[in-house]
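These notes are about the structure you will find just below.
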Amino acid sequence: MIKVTLKDGSVKEFENPISYGDIAKSISPRLLQKAACVKADGVVCDLRDMADKDVHLEILSFDDKEGKKAFWHTSSHVLAQAILKFIPSAKLTIGPAIDNGFYYDIDTDVNIDEGMIAKLEAEMKEISKKNSPIKRFVLPRAEALARFPDNEYKQELINDLPQAEDISFYEQEGFVDLCAGPHLLSTGEIGAYKIMSIAGAYWRGNNENKMLKRIYAISFPKQKELDEYLAMLEEAKKRDHRKLGKELEIFDMVDEGPGFPFFLPNGMIIYNTLLEYWREIHKREGYVEISTPMILSRSLWENSGHWDHYKDNMYATKIDGEDYAVKPMNCPGGMLTYKMKPHSYRDLPMRVGEIGLVHRHELSGALNGLMRVRCFHQDDAHIFMTEEQIRSEIKGVARLFDEVYALFGLSYHVELSTRPENSMGSDADWEIATEGLRGALEEMNMPYVVNEGDGAFYGPKIDFHLKDALGRTWQCGTIQLDMQMPERFGLEYVGADGEKHRPVMIHRVAFGSVERFIGILIEHFAGAFPTWLAPVQAVVIPVSEAHKEYANEVLKQLDKAGIRGKVDDRSEKIGYRIRENQLQKVPYMLVVGDKEVADGAVAVRDRKEVLSQAMPLADYIAYVKQEIAERRL
RNA sequence: GCUGUUGUAGCUCAGUCGGCAGAGCACUUCCUUGGUAAGGAAGAGGUCGGCAGUUCGAAUCUGCUCAACAGCUCCA
């Protein structure tokens, strides 16, 4: 007797071992139809797997995360089947489900153009229409290898599988693919497909390997769901910071400076306002601020290790015949500043900030609006401290970052990056540094994922990742623990014992790059910045020429109160001017006509409320001043 | 850098078979003085990303090149 406990607590009993699919069917045929896979005692399993003992069972559909994965994974097999119909010579490699759909990497010289995409989409639909059953079978290693005599990729995959394991395959309509599963029971459950893009991708993600063609696609049970998804993507594109940045005159890019953004007056207001906030909280946290030169000599970069580890990304120049480089990072300048005078243990921790403009030669294909540029400002700071101070300093920094992101309503995830291959320093130092970071995260109960081998060449790091409008994540904040630079630069402090000691240092940025952070903010707010950040906070709209004088008086009062205002007295109808300022996402529009002139009032129209409400000018000013002072969202 | 796609007015885009470069919005001027998301008229604006080539003739065909977009690699 097998007892199956379902998610709702109900229990079903079966005489003999039974497949999870049949269990679903016994509950209702409709449930089976929707089912994509199951979770048995918390482990994701195939519907074909057998329940042979008591089990807690959760039946997953497209609406569940794991169900989606199975659904999309099956979809990728359908894509592969379609590819082989039109490009029989293509070598299949891998075809996993991802967060938003799935892809299949193939090795072929055939160009996947629009005509081919249309053919593939039609064929996938056709395959699903036939609603063919998907079968699983298992082969011993030798036979598995024999299945793919000419496909070195599949051979490699099979050879990498653990020796003991059975090698499973799935088959539909004679199309067979190596796969661990789970998969849907038939192709008919997939109702709509869309190929999203074609891109190159290196085999196994290594740029020394051959570049394959990757076909990105997505699928849904119903056409309507696909349509909704595509509409959602269109909406997200409207938030694109590159589009809004231009429309709202925040920044722009030109061919003359690929990767070098131009900040326009509105962008500079946002930039300066962010830094004003930054300076305020850093002063509170005991930071001082310095500024170090943009160009420094080669010998400095050799000393710091950048010349060896970062040369390809640096812009070099010559001064009086000697090699110099534009700084890609601020730390070496910070080191030299520390060394300008002797330090006592009483000075530590020393928190030294620098809004540094750095230049890095990023690959042309990596550039992306403000998110990835070739010159940017880091809201950098270096903290010099004793080894005992590591944890408390890291915790202080992490708490500060959390405060910053919370102010904007940004959610983030944290990654701990460990020692990369091409790095400097001893194993012992890396161990201390990595455990220092990990320990601080654990003590704070901050959830994190480990990113093996992704640390900086001088130390491990904690990265804070934020999302853009399309859900892509970007590293913003980072806390890097460094025991190499102090060593290389011979930094010292005099301890309580009167002896010289080596300090440990932290490199950290909260915004990361001010440019990237502004890009994130543009998308996060869809250009409608909270009042304290908005380039124009209130626009005064006189009803007619007769009210111009009063409008200018209102502007003067706003100005005196520190509110960024402007008068829109163009000879256009009010509706037109409201629309224009609404599209510019101005938080407040103050309409003034005969009534307002008579009462010393303004008719306030809030960007969000689409309401008009008259109030005395003084009341309005007091209200907005408060809103700005509190940096309200 | 690599794979693929795209470059036409400030913006969004049309331009058929290779035959005089277009629309809407924005801009300028004039009329309109209008109470909460587009009032009307006229005007100006372009070496069709750049450089070569094919052709009587190129926005259109070919080659190279620059830039942008999506992804890979890399990264704040």
Side-chain angles (χ1 to χ4, degrees), chain A residues 98 103 105 111-114 117 196-216 237 240 242-243 246-247 249 252-259 310 312-313 328-329 356 358 360-380 417 454 456 461 463-466 470 472 474-478 480 507-517 519-520 541-548 569 571-583 589-596 603-606 610-614:
Chain A
I98 50 177
Y103 65 77
D105 282 354
N111 190 18
I112 315 288
D113 57 15
E114 268 179 50
I117 288 174
M196 304 301 290
S197 65
I198 313 294
Y202 301 103
W203 168 239
R204 303 222 133 169
N206 185 333
N207 63 357
E208 280 166 22
N209 288 342
K210 183 164 186 190
M211 180 163 265
L212 308 168
K213 288 201 169 73
R214 174 170 296 179
I215 303 178
Y216 281 95
K237 275 193 202 147
D240 189 314
R242 292 164 296 201
K243 180 175 154 65
K246 198 174 176 61
E247 284 171 9
E249 296 182 23
D252 211 346
M253 310 291 290
V254 294
D255 280 5
E256 286 83 347
Y310 212 71
D312 292 345
N313 286 59
M329 297 183 191
V358 297
R360 299 181 182 178
H361 179 75
E362 299 296 343
L363 294 176
S364 59
L367 303 178
N368 181 301
L370 288 182
M371 302 300 198
R372 190 73 176 277
V373 289
R374 285 180 171 152
C375 76
F376 58 99
H377 294 82
Q378 290 185 306
D379 60 317
D380 216 341
S417 296
D454 205 38
K461 53 183 191 160
D463 294 328
F464 294 71
H465 293 253
L466 305 179
L470 288 172
R472 297 179 291 200
W474 296 91
Q475 181 187 323
C476 287
T478 176
Q480 309 181 346
H507 312 246
R508 44 113 289 174
V509 285
F511 296 144
S513 126
V514 184
E515 284 76 0
R516 176 179 288 181
F517 196 74
I520 294 276
I541 302 178
V543 171
S544 74
E545 298 234 335
H547 315 108
K548 251 167 107 165
D569 57 3
S571 64
E572 298 287 349
K573 288 219 159 117
I574 290 204
Y576 179 86
R577 285 177 285 163
I578 297 274
R579 177 186 152 81
E580 291 257 304
N581 287 290
Q582 188 76 34
L583 291 176
M589 282 169 257
L590 310 176
V591 178
V592 295
D594 288 340
K595 274 181 286 181
E596 288 75 21
V604 181
R605 179 190 166 108
D606 184 315
V610 197
L611 263 187
S612 50
Q613 180 191 1

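By convention in this document, chain letters (A, B, ...) are assigned in the order of the sequence lines, proteins followed by strands, and residues within each chain are numbered from 1. Side chains included, hydrogens not; waters and symmetry mates left out as well; all remaining heavy atoms used.
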Given the [atom1] atoms of [N] and [M], what is the spacing between them in whole Å?
{"N": "U6(B)", "M": "U73(B)", "atom1": "C1'", "value": "22 Å"}
{"N": "A9(B)", "M": "A59(B)", "atom1": "C1'", "value": "14 Å"}
{"N": "C69(B)", "M": "A52(B)", "atom1": "C1'", "value": "27 Å"}
{"N": "U36(B)", "M": "A67(B)", "atom1": "C1'", "value": "42 Å"}
{"N": "U60(B)", "M": "G1(B)", "atom1": "P", "value": "26 Å"}
{"N": "G50(B)", "M": "G7(B)", "atom1": "C1'", "value": "11 Å"}
{"N": "G24(B)", "M": "U5(B)", "atom1": "C1'", "value": "26 Å"}
{"N": "C11(B)", "M": "C2(B)", "atom1": "P", "value": "28 Å"}

Find the partner of [N]: check Watson-Crick (N1-N3 plus N6-O4 or O6-N4) and G-U wobble (N1-O2, O6-N3) distances, both under 3.5 Å, and reply none if neither fits.
{"N": "G22(B)", "answer": "C13(B)"}
{"N": "A59(B)", "answer": "none"}
{"N": "C27(B)", "answer": "G43(B)"}
{"N": "U33(B)", "answer": "none"}
{"N": "A70(B)", "answer": "U3(B)"}

Any side-chain N or O of [X] under 4.0 Å from OP1/OP2 of [N]?
{"X": "Y576(A)", "N": "A26(B)", "result": "yes"}
{"X": "S364(A)", "N": "G1(B)", "result": "yes"}
{"X": "Q475(A)", "N": "A76(B)", "result": "yes"}
{"X": "R472(A)", "N": "A70(B)", "result": "yes"}

Legend entry - Glycosidic conformation of C48(B), taking syn as within 90° of 0 and anti otherwise: anti
Rounded to the Å, how far apart are [X] [atom1] and [N] [atom2]?
{"X": "D454(A)", "N": "U73(B)", "atom1": "CG", "atom2": "P", "result": "11 Å"}
{"X": "D606(A)", "N": "U36(B)", "atom1": "CG", "atom2": "P", "result": "17 Å"}
{"X": "L363(A)", "N": "A67(B)", "atom1": "CG", "atom2": "C1'", "result": "16 Å"}
{"X": "R577(A)", "N": "G35(B)", "atom1": "CZ", "atom2": "C1'", "result": "10 Å"}
{"X": "Y216(A)", "N": "G4(B)", "atom1": "OH", "atom2": "P", "result": "15 Å"}
{"X": "E580(A)", "N": "C11(B)", "atom1": "CD", "atom2": "P", "result": "17 Å"}
{"X": "R372(A)", "N": "C69(B)", "atom1": "CZ", "atom2": "P", "result": "13 Å"}
{"X": "L583(A)", "N": "U36(B)", "atom1": "CG", "atom2": "C1'", "result": "14 Å"}

Legend entry - RNA chain B: 5'-proximal contact among V591(A) and Q378(A) (nearest heavy atom): V591(A)
Legend entry - Position toward the 5' end of RNA chain B (nearest nucleotide), M589(A) or T478(A): M589(A)
Using the side-chain heavy atoms of [X], tell me which of these nucleotides is nearest: [options].
{"X": "I574(A)", "options": "G35(B), G71(B), A76(B)", "answer": "G35(B)"}
{"X": "R214(A)", "options": "A70(B), C74(B), C72(B)", "answer": "C72(B)"}
{"X": "R242(A)", "options": "G35(B), C69(B), U36(B)", "answer": "C69(B)"}
{"X": "N368(A)", "options": "C75(B), A70(B), A37(B)", "answer": "A70(B)"}
{"X": "A199(A)", "options": "A70(B), C75(B), G39(B)", "answer": "A70(B)"}
{"X": "A366(A)", "options": "A37(B), G35(B), U73(B)", "answer": "U73(B)"}
{"X": "Q582(A)", "options": "A37(B), U36(B), U33(B)", "answer": "A37(B)"}
{"X": "R360(A)", "options": "A76(B), U36(B), C11(B)", "answer": "A76(B)"}

Inset, instruction - Output yes if the stacking criterion (under 5.5 Å between centres, under 30° between planes) is met for F376(A) over the base of A76(B), else no. - result: yes
Legend entry - Identified side chain to side chain contact (heavy atoms under 4.5 Å, CB included) counterpart of M589(A) within the set V604(A), I541(A), D606(A): I541(A)
Select base, sugar-phosphate, or nothing to describe what [X] touches, counting heavy atoms under 4.0 Å on all strands.
{"X": "K461(A)", "result": "sugar-phosphate"}
{"X": "A546(A)", "result": "nothing"}
{"X": "G575(A)", "result": "sugar-phosphate"}
{"X": "G369(A)", "result": "sugar-phosphate"}
{"X": "E572(A)", "result": "base"}
{"X": "L367(A)", "result": "sugar-phosphate"}

Legend entry - Side-chain heavy-atom pair M371(A), R242(A) within 4.5 angstrom cut-off: no
Please write out each protein N/O paired with an N/O of nucleotides 44-49 of chain B under 3.5 Å, distance rounded to 0.1 Å.
none

Legend entry - Proximity to RNA chain B (any heavy atom under 4.0 Å), residues of residues 202-212 of chain A only: Y202(A), G205(A), N207(A), M211(A)
Inset, instruction - Report the residues that fulfil salt bridge (Lys or Arg N to Asp or Glu O under 4.0 Å) with D454(A), sequence neighbours left out, ordered by chain and then residue number. - result: none
Inset, instruction - Spell out yes or no: do the side chain of E596(A) and the base of G35(B) have one donor N/O and one acceptor N/O closer than 3.5 Å? - result: yes
Legend entry - Heavy-atom closest contact (D463(A) atom, Q475(A) atom, distance): OD1-NE2, 3.0 Å
